[in-house]
Asker: 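Here it is, the structure in full.
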Amino acid sequence: MMSMNSLLLIPALPLLAFIINITLGKGFIKDKAHLVSIPALAASWVLAMAAALDVYRGGVFQGALYSWVVSGALNVQVGFLVDQLTAVMLVVVTTVGLLVNIYSVGYMRGDKGFYRFFAYLSLFVFSMLVLVMSNNFLQLYFGWEAVGLCSYFLIGFWYEKKSAADAGKKAFIVNRFGDFGFGLGIMLIFLSTGSLQYGQVFQAAHNLAGQTVSLFGASVPLPAVIALLLFCGAMGKSAQFPLHVWLPDAMEGPTPVSALIHAATMVTAGVFMVSRCSPIFDLSPAAMDVVAITGAFTALFAATIALTQNDIKRVIAYSTISQLGYMFLACGVGAYGAGVFHLFTHGFFKALLFLGAGSVMHAMSGELDLRKMGGLKKYMPVTYWTFLLASLSISGIPGFAGFFSKDEILAKAYFAGPLGKALWAVGVLTALLTAFYSFRLLFMAFHGKFRGTSEQEHHLHESPMSMGLPLLILAAGAVGAGWIGIPPVISESLGLGRIDKIGPFLGRAIVGPASAGQAAVAPGTELALMGISVAVAVIGILLAAYMYLWKPELPEAVARICKRAYDLSFNKYYIDELYGHVIVKPTFWVARNVIVGVTDGKWIEGIVNGVPRAIGSFGQQLRKVQSGVAQHYADIMALGVFIFIAAALLLRL
């Protein structure tokens, strides 16, 4: 059974690995840093799997280590909550974290910051584990901000490269917008419930129903305000529109970073948080609609951008934003379990896509442009076949992990009322685009003729085993991770009964309003919905094959005919340029002309430099008194005596 000591070791071991590598790495450990990080994460993984198994058997652990912050009514106790939701996150974080560390041994070999890279990876895993295991909002916020800090470190890991340094700053700053609202939401939770401990807050959540708060003179439901403020943090961390702009630029970091942070773990923190706070979100249908609409719009929006990108990592990055939109769509219609299930399967096939892209880059000396690839299948068979499995999974082809989780989201949306049906239609269209751009990437990189240089072709090779083994393990997850959630309509039609494991498992921790209505649905309707989603996925794959295998001249012709639409997609709808003109440039203008020019240059510098300048000027004048002429000294003494006598007489009067 779980104990506090065993649970404490899960995050403590990666933290210990970070401390050892960051303090001893440069002088002693150097290129052996992985020998510290990997065993620590392997032990953490074993303990996490044991904890997840205990939860599966019915155990839930909730306990406190010590009182962290005590001030008046505020009493925050550091501790752990390990329930069904936490168990899923522990499996994802430790599994992907361990595999990415193993993969990084080959990928980062020879890098002068080798020890620093593994130190940062360990610190990130520690931070993410603190986030998902926390039993209170303040500890959650600590982990939330810590993973953001690690993201800054890892995105800008190659800080000598300006684009990488800028991308790290961009990620950090954009997340500040969302985290500002998230922090306000946590403060409002304390003011409304008198506690930050999950148990006490969620127990008192029903008392918030009907309460209002004055906002700009209007009376607004309190649960809606809290939920939307919390969702601000989720929008930033999980890169939802309009705070999505940092994630594609984050591809400037090493590819293992993309797989770990920006595909499988950190960006899913928003989905985890919304699911954890379901008792609060369920109190506000308006807030739920905002979550669902934002998720559906982001899913479609990002998918349309992925259609035209030529950077292999950016295609996958926009795919990540789109798939996260699916998860929020599920949460917004109350199907939290479906959203978390997709989070689980997505962690495997998306990490596999990123690591597969890294394998391609490793073989092509860092090349990212799909237009300079092609024909890699014969040189990199392991990378190709694992990449193909991941592409089939994300496209939602039956039998692969993505099929089970994505179709559950679409079904839950369809049965969630009129708005749900509209969101379902958006989700189906997004599924068509997802299959198309996923196989566009596959065909451009691995099929056809090689379009790079002869020197690049000469050096093409399969990645070493340290990189290939994680690809194979993740490929198994991309295929099999969804089988724990076989829909009852399929299993019962095959005479297997109800063998869905993930639904009842997560249902014990998070139960949304959409969970009750599903039982009354006709099996034929649900099977028809699955048929539609599978059909559009197949159409997307065939369309990509037609354009990039059978008629390779067609994409360029379509781009010319639909030039305006193509330019919008290729330039990411000019959102970055809009932010540059509306936010970045005015901020720099204020910084240069007001803060530096006036506040700092005149006021602060005027005081800081003016005071010593005045003292110096006074000293210069006083120095003239020391002339060395005895007559002058006698005159000054006489003047002093006169002033002294005059003052004494005035005091007597």
Side-chain angles (χ1 to χ4, degrees), residues 144-145 147-157 161-182 231-253 255 257-258 261-263 265-271 290-291 293-328 350 354 368 430 433 437 566-589 591:
W144 190 274
E145 293 301 320
V147 294
L149 178 63
C150 294
S151 175
Y152 169 74
F153 288 154
L154 287 165
I155 294 171
F157 179 76
K161 185 180 174 185
K162 187 178 185 302
S163 58
D166 289 345
K169 288 184 287 186
K170 185 176 183 178
F172 193 79
I173 292 170
V174 170
N175 271 275
R176 300 286 66 73
F177 286 88
D179 291 354
F180 177 72
F182 185 51
F231 185 56
C232 284
M235 290 170 66
K237 199 68 70 185
S238 297
Q240 296 296 283
F241 181 88
L243 300 180
H244 66 285
V245 292
W246 67 269
L247 185 60
D249 285 13
M251 299 303 105
E252 290 288 345
T255 299
V257 173
S258 303
I261 296 182
H262 309 114
T265 52
M266 188 190 91
V267 292
T268 61
V271 180
V290 169
V291 174
I293 293 171
T294 301
F297 175 80
T298 303
L300 180 60
F301 172 79
T304 60
I305 297 177
L307 294 174
T308 59
Q309 302 305 303
N310 295 314
D311 184 312
I312 186 172
K313 288 175 67 176
R314 285 181 183 266
V315 174
I316 306 173
Y318 279 106
S319 172
T320 297
I321 297 172
S322 181
Q323 295 301 306
L324 289 165
Y326 268 119
M327 299 174 206
F328 283 110
K350 186 54 61 67
F354 268 118
L368 291 165
T430 303
L433 301 180
Y437 69 65
Y566 178 85
D567 288 344
L568 280 174
S569 171
F570 183 75
N571 292 288
K572 302 159 287 186
Y573 297 95
Y574 300 98
I575 299 294
D576 285 276
E577 290 78 3
L578 175 64
Y579 287 173
H581 285 291
V582 175
I583 299 176
V584 178
K585 286 185 177 179
T587 300
F588 275 108
W589 185 90

Asker: Hey, are the side chains of Tyr152 and Lys169 touching, using non-hydrogen atoms and a 4.5 Å cut-off?
Answerer: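 Answer yes - side chains close enough.
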
Asker: Can you find a heavy atom in the side chain of Met251 that is under 4.5 Å from one in the side chain of Phe354?
Answerer: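 Yes; the side chains approach each other to less than 4.5 Å.
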
Asker: Is Phe177 close to Leu243 at the side-chain level, that is, under 4.5 Å between some pair of heavy atoms?
Answerer: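 Yes; the side chains approach each other to less than 4.5 Å.
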
Asker: Are Arg176 and Phe172 in a cation-pi setup, meaning NZ or CZ lies under 6.0 angstrom from the ring centre and within 45 degrees of the ring axis?
Answerer: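 Yes.
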
Asker: What's the separation between atom CG in Leu154 and atom CE in Met266, rounded to the nearest 0.5 Å?
Answerer: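 Leu154 atom CG to Met266 atom CE measures 10.0 Å (nearest 0.5 Å).
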
Asker: If we only count heavy atoms from C-beta on, is the Lys313 to Ser258 side-chain gap below 4.5 Å?
Answerer: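 Touching, per the 4.5 Å side-chain cut-off.
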
Asker: Do the side chain of Trp144 and the main chain of Lys237 share a donor and acceptor less than 3.5 angstrom apart?
Answerer: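 Not at all, since once roles are kept as given, no pair shorter than 3.5 Å links the two residues.
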
Asker: Give a yes or no on whether a salt bridge exists between Lys170 and Asp166, defined as a side-chain N under 4.0 angstrom from a carboxylate O.
Answerer: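 Salt bridge flag = no for Asp166 with Lys170.
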
Asker: Between NZ of Lys350 and CD of Gln323, what distance do you get to the nearest 0.5 Å?
Answerer: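 Between atom NZ of Lys350 and atom CD of Gln323 there are 5.5 Å.
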
Asker: Supply the atom-to-atom distance Ile312 CD1 to Leu368 CG, rounded to the nearest 0.5 angstrom.
Answerer: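 Reported value, rounded in 0.5 Å steps: 8.0 Å.
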
Asker: Donor-acceptor check, side chain of Thr304 to backbone of Phe301, threshold 3.5 angstrom: yes or no?
Answerer: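 Yes; judged by distance alone, with no hydrogens or angles, the pair exists.
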
Asker: Can you tell me how far apart CD1 (Ile575) and CD1 (Ile305) are? Round to the nearest 0.5 Å.
Answerer: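 Output value for this atom pair is 7.5 Å.
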
Asker: Are the side chain of Ser322 and the backbone of Ala302 linked by a donor-acceptor contact shorter than 3.5 Å?
Answerer: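 Looks like no, no N/O pair under 3.5 Å.
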
Asker: Restricting to non-hydrogen atoms, name the atom on Ala317 and the atom on Pro248 that form the minimum distance, rounded to 0.1 Å.
Answerer: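 Between these two residues, the closest heavy atoms are CB-CA, 4.0 Å.
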
Asker: Should we count CZ of Phe180 as having more than 12 external heavy atoms under 6.0 Å?
Answerer: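 Count not over threshold, so no.
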
Asker: Looking at Met235 and Pro242, what are the two nearest heavy atoms and their distance?
Answerer: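 In terms of heavy atoms, the two residues are closest at CE-CD, 3.3 Å.
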
Asker: If you compare all heavy atoms of Gly580 against all heavy atoms of Pro586, which two are closest, and at what distance to 0.1 Å?
Answerer: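 Smallest interatomic distance, heavy atoms only, reads O-CD, 4.2 Å.
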
Asker: Side chains of Val271 and Tyr326, heavy atoms from C-beta outward: is any pair under 4.5 Å?
Answerer: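 No, every pair of side-chain atoms sits at 4.5 Å or beyond.
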
Asker: Step through it carefully: locate the ring centre of Tyr437, locate the ring centre of Tyr318, and say whether they are under 6.0 Å apart.
Answerer: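 No - the distance between ring centres of Tyr437 and Tyr318 does not fall below the 6.0 Å cut-off.
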
Asker: Testing the basics here: between Thr587 and Ile583, what is the closest heavy-atom pair and its distance to 0.1 Å?
Answerer: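 Minimum heavy-atom contact is OG1-O, 2.5 Å.
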
Asker: What I'd like to find out is whether the side chain of Phe328 reaches to under 4.5 Å of the side chain of Thr294, using heavy atoms alone.
Answerer: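 No. Closest side-chain heavy atoms not under 4.5 Å.
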
Asker: Nearest 0.5 Å please: distance from the CD1 atom of Ile316 over to the CG atom of Leu247.
Answerer: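 Output value for this atom pair is 11.5 Å.
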
Asker: Using modelled atom types and a 3.5 Å cut-off, is there a donor and acceptor pairing between side-chain atoms of Gln309 and backbone atoms of Ser569?
Answerer: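 Yes, Gln309 side chain to Ser569 backbone: donor-acceptor pair under 3.5 Å.
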
Asker: For the atom pair CG (Leu307) and OH (Tyr566), what is the distance rounded to the nearest 0.5 Å?
Answerer: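 Atom-to-atom, Leu307:CG and Tyr566:OH are 10.5 Å apart.
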
Asker: Looking only at heavy atoms, what is the nearest atom pair of Ser163 and Glu252, with distance?
Answerer: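 Closest approach of Ser163 to Glu252, heavy atoms only: OG-OE1, 3.1 Å.
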
Asker: Can you find a heavy atom in the side chain of Leu324 that is under 4.5 Å from one in the side chain of Thr298?
Answerer: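 Counting from C-beta outward, Leu324 and Thr298 never come under 4.5 Å.
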
Asker: Which of these, Val174, Ile321, Leu578, sits in a side chain to side chain contact (heavy atoms under 4.5 Å, CB included) with Val245?
Answerer: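 Answer after filtering Val174, Ile321, Leu578: Val174.
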
